[in-house]
Amino acid sequence: MESVRVRFAPSPTGYLHVGGLRTALYNYLFARKANGKFILRIEDTDRNRFVEGAVENLIKALKWCGLDYDEGPDAGGQYGPYMQSQRLDIYQDHVKELISTGDAYYCFCTPERLNELKEEQQRQKLPQAKYDKHCLAISKNEIEHNFGADIPFVIRLNVKPNKRIIFDDIVRGRVEFESNNIDDQILIKSDGFPTYHLANVVDDHLMEISHVIRGEEWLSSTPKHVLLYDSFNWKRPLFAHLPLLLNPDRSKLSKRQGDVAVEDYRDKGFLKEALVNFVALLGWNAGDDKEFYYMNELVESFSLERVNKSGAVFDLEKLNWLNAEHLRKMQDTELLALLKEEILNSKFSNQNYSDSYLLEVITAMKERVSFVKDYLEKSPYFFEAPNNYDEAAVQKNWKAETPAMLLKLHDEFEKLVNPSKDDFENALAKVAEELNAGKGKLIHPLRLAVSGMSTGPGVFDIVLLLGKDEVLKRIKSAVQKIN
RNA sequence: GGCGCGUUCGUCUAGUGGUCCAGGACGCCGCCCUCUCAAGGCGGAGAUCACGGGUUCGACCCCCGUACGCGCUACCA
């Protein structure tokens with residue numbers, strides 16, 4: 001079997017779109033599974049769309065996701081350069097071949113004539129607007145003359161009429177087009193740059209790409225590419241057109257309706273593991289009930305044959321859930337690193353917490369967080385004494401007799417020497433009994449006093465973690481502040 | 001408009017002619033556990049398998065048509 005070589009070929013827009021991530025991921029998984037090569041190629045043939053730093057951002061986002069490539073602009077490789085803007089002469093050389101065989105031709109039509117043509121065709125209510133092959137008839141002499149006169153020109157693909165163009169798509173099966181419906185696509189623009197269609201075919205061939213795995217938006221232009229392969233007498237790669245990622249209203253996923261950049265999700269605190277896992281499941285599944293995957297498991301299970309045909313809505317709820325799942329399954333030491341980073345970016349950055357303390361916080365909160373930042377937001381009391389107390393909880397649990405009871409508890413706690421969790425619990429039970437009250441009468445106010453809220457880990461876990469001295473302080477100040 | 005692709009619970013999906021009056025997951029609701037909140041366990045609501053014709057003893061699964069949606073229709077990718 002021939003070796004698998006696939007590529008992710010984005011145009012550098014400035015960020016990595018999650019749809020792009022999904023395409024890149026499927027390419028990556030397919031390559032790794034087949035022990036093939038995964039290549040990054042930058043499709044920067046539109047000079048009007050140049051964005052400063054876009055390639056760097058793209059590469060950063062890709063690497064953050066764990067999609068490392070074997071060949072690419074910054075990775076090198078035998079088939080470079082991997083930036084299309086650096087391959088201009090290659091396209092020029094190849095298109096000349098097409099001109100000599102008559103499969104492409106020079107076109108000197110002005111934008112004005114093209115516009116008129118289009119308008120005329122619309123007026124006549126023609127089914128589609130196509131170039132009329134006007135320049136196909138120009139003589140060699142005339143062409144030379146136009147060159148001499150520096151008349152701007154483009155090079156067009158010469159699509160022969162009445163032909164059926166058929167290709168097999170790995171996800172969609174057999175797809176057929178009629179050549180009469182295909183326009184004489186511009187291959188080289190008047191600025192000398194190639195269009196996507198030419199560049200992508202030439203590069204895929206030269207880079208020995210075995211499978212073209214890309215978004216469904218390319219399906220309609222694939223016949224042009226097929227025509228190009230045939231004209232060059234090149235072997236066609238296998239095509240796999242992936243279903244689109246959709247907005248909640250089922251239109252193509254766009255910026256207008258939410259976050260589309262990988263960077264957005266990263267900045268919102270999503271784990272790369274969760275994003276990758278989630279995006280992998282949008283349009284693919286292994287045929288079983290497994291939903292939680294690590295990258296290596298995805299590589300193991302992935303196959304193009306099991307990619308769906310229809311578009312998938314990007315459902316944030318499920319991403320949230322997967323993020324929580326990944327967070328919970330993460331090693332504590334890994335979590336520690338993430339939490340420390342989070343602290344550094346928070347108002348607690350100048351505080352100093354020991355690793356062992358943070359590790360205990362992690363253990364206590366692990367089942368209760370969906371994001372790393374939740375450690376700070378859902379349990380700020382582990383990082384500073386409460387400044388205020390949850391109003392609803394005060395209403396519910398802070399009775400007239402509460403301060404006196406808590407003070408008694410305070411005194412009992414004070415007697416403890418190097419207390420364990422059980423010591424705290426026993427002390428509280430003792431006070432409750434002496435007061436002839438249910439433990440709840442003390443537990444809930446204690447939680448409130450110590451944390452300022454009514455939710456969180458077991459109250460004795462909190463107390464133990466905070467330590468006796470801190471707990472005593474917090475009880476005192478709560479008694480002072482509440483009411 | 002033309003061409004292409006698609007259509008199973010709100011969402012992601014399983015399903016390749018009988019095992020499906022359709023299974024799982026997220027979300028939602030309820031119960032259990034319990035000092036709270038989670039997590040976990042159990043249960044529930046939720047899909048006339050877009051619609052209409054065929055083929056077949058039998059269709060979510062095969063064929064045709066219709067509707068709807070999406071994509072493409074640039075000297076953008």
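Chain A is the first sequence line, chain B the second, and so forth, proteins listed ahead of strands; every chain is numbered from 1. The structure displayed is predicted, hence computed values, not measured ones. Side-chain atoms are counted along with the backbone in the values below, which use heavy atoms only and exclude waters and symmetry mates.
- No side-chain heavy atom of A:V51 sits less than 4.5 Å from a side-chain heavy atom of A:T13.
- Taking for each of A:V171 and A:D191 the nucleotide of RNA chain B with the nearest heavy atom, the 5'-most of the two is the partner of A:V171.
- No donor-acceptor pair closer than 3.5 Å links the side chain of A:H410 to the backbone N or O of A:L406.
- Going from atom CD of A:Q84 over to atom C1' of B:A77 covers 10 Å, rounded to whole Å.
- When the side-chain nitrogen and oxygen atoms of A:T45 are compared with OP1 and OP2 of B:A77, one or more of them lie within a distance under 4.0 Å.
- Comparing B:U55 with B:U11, their P atoms sit 34 Å apart, to the nearest whole Å.
- What separates CG of A:L242 from P of B:A77 is a distance of 21 Å, to the nearest Å.
- Here the nucleotide nearest the side chain of A:N308, chosen from B:G24, B:A14, B:U36, is B:A14.
- Heavy atoms of A:V175 sit under 4.0 angstrom from primed sugar atoms or phosphate atoms, though from no base atom.
- Atom CG of A:L58 is separated from atom P of B:A77 by 16 Å (rounded to the nearest Å).
- In this structure, A:K373 forms a cation-pi arrangement with A:F371, its terminal cationic atom sitting closer than 6.0 Å to the ring centre and no more than 45° off the ring axis.
- Rounded to whole Å, the separation between the C1' atoms of B:C9 and B:G71 comes to 26 Å.
- One can place NE2 of A:H225 at 14 Å from C1' of B:G4, the figure rounded to the nearest angstrom.
- Here B:U16 presents its P atom at 17 Å from CD of A:E305, a figure rounded to the nearest Å.
- The base of B:C5 has none of its N or O atoms less than 3.5 Å from a complementary donor or acceptor on the side chain of A:R172.
- The side chain to side chain contact (heavy atoms under 4.5 Å, CB included) test with A:R474 is passed by exactly one of A:V463, A:L466, A:L446, A:V479: A:L466.
- The phosphate of B:G15 has OP1 or OP2 within less than 4.0 Å of a side-chain N or O from A:R306.
- Within the shown strands, nothing qualifies as a pairing partner of B:U34 under the Watson-Crick or G-U definition with both distances less than 3.5 Å.
- We find that CD1 of A:I443 is positioned 7 Å from P of B:C35, with the value rounded to whole Å.
- Distances shown here put every side-chain N or O of A:N48 at or beyond 4.0 Å from the OP1 or OP2 atom of B:A74.
- When the C1' atom is used for both B:C20 and B:A77, the distance is 44 Å, rounded to whole Å.
- Note on A:K189: a side-chain N or O is less than 4.0 Å away from OP1 or OP2 of B:A77.
- For the P atoms, the distance from B:C49 to B:A22 is 10 Å, rounded to whole Å.
- Taking only distance into account, the side chain of A:K439 never meets the base of B:C35 through a donor-acceptor pair shorter than 3.5 Å.
- In this model, the phosphate group of B:U13 is not approached by any side-chain N or O of A:N285 to a distance below 4.0 Å at OP1 or OP2.
- Between A:Y229 and A:F239, the angle of the ring planes goes over 60°, which puts this pair in the perpendicular group of the 30/60° scheme.
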List the protein contact pattern of nucleotides 64-73 of chain B with one symbol per nucleotide (5' to 3'): B for base contact, S for sugar-phosphate-only contact, - for none; contact means a heavy-atom distance under 4.0 Å. ------SBS-
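- As a whole-Å value, the separation of A:K329 NZ from B:G40 C1' is 12 Å.
- Between A:H444 and A:G311, it is A:G311 whose nearest contact on RNA chain B lies nearer the 5' terminus.
- Going from atom CD of A:E317 over to atom P of B:C29 covers 11 Å, rounded to whole Å.
- Comparing the C1' positions of B:C32 and B:U16 gives an interatomic distance of 41 Å, to the nearest angstrom.
- Just one of A:V276, A:L244, A:L245, A:L281 meets the side chain to side chain contact (heavy atoms under 4.5 Å, CB included) condition when paired with A:R22; it is A:L245.
- Comparing the P positions of B:G46 and B:G10 gives an interatomic distance of 11 Å, to the nearest angstrom.
- The residue A:G458 sits close to a base: some heavy atom pair falls under 4.0 Å.
- Using a 4.0 Å heavy-atom criterion, one finds that A:G215 contacts no nucleic acid atom at all.
- Residue contacts shown for A:P457 include a base, since a base heavy atom lies under 4.0 Å away.
- The aromatic rings of A:W218 and A:H197 lie perpendicular to each other, with more than 60° between the two planes, well past the 30° mark.
- The base of B:A39 has none of its N or O atoms less than 3.5 Å from a complementary donor or acceptor on the side chain of A:K366.
- Under the 6.0 Å cut-off for aromatic ring centres, A:F8 and A:F38 do not qualify, their centroids lying 6.0 Å or more apart.
- The cationic group of A:R156 lies under 6.0 Å from the six-membered ring centre of A:Y131 and within 45° of the ring axis, placing it in a cation-pi geometry.
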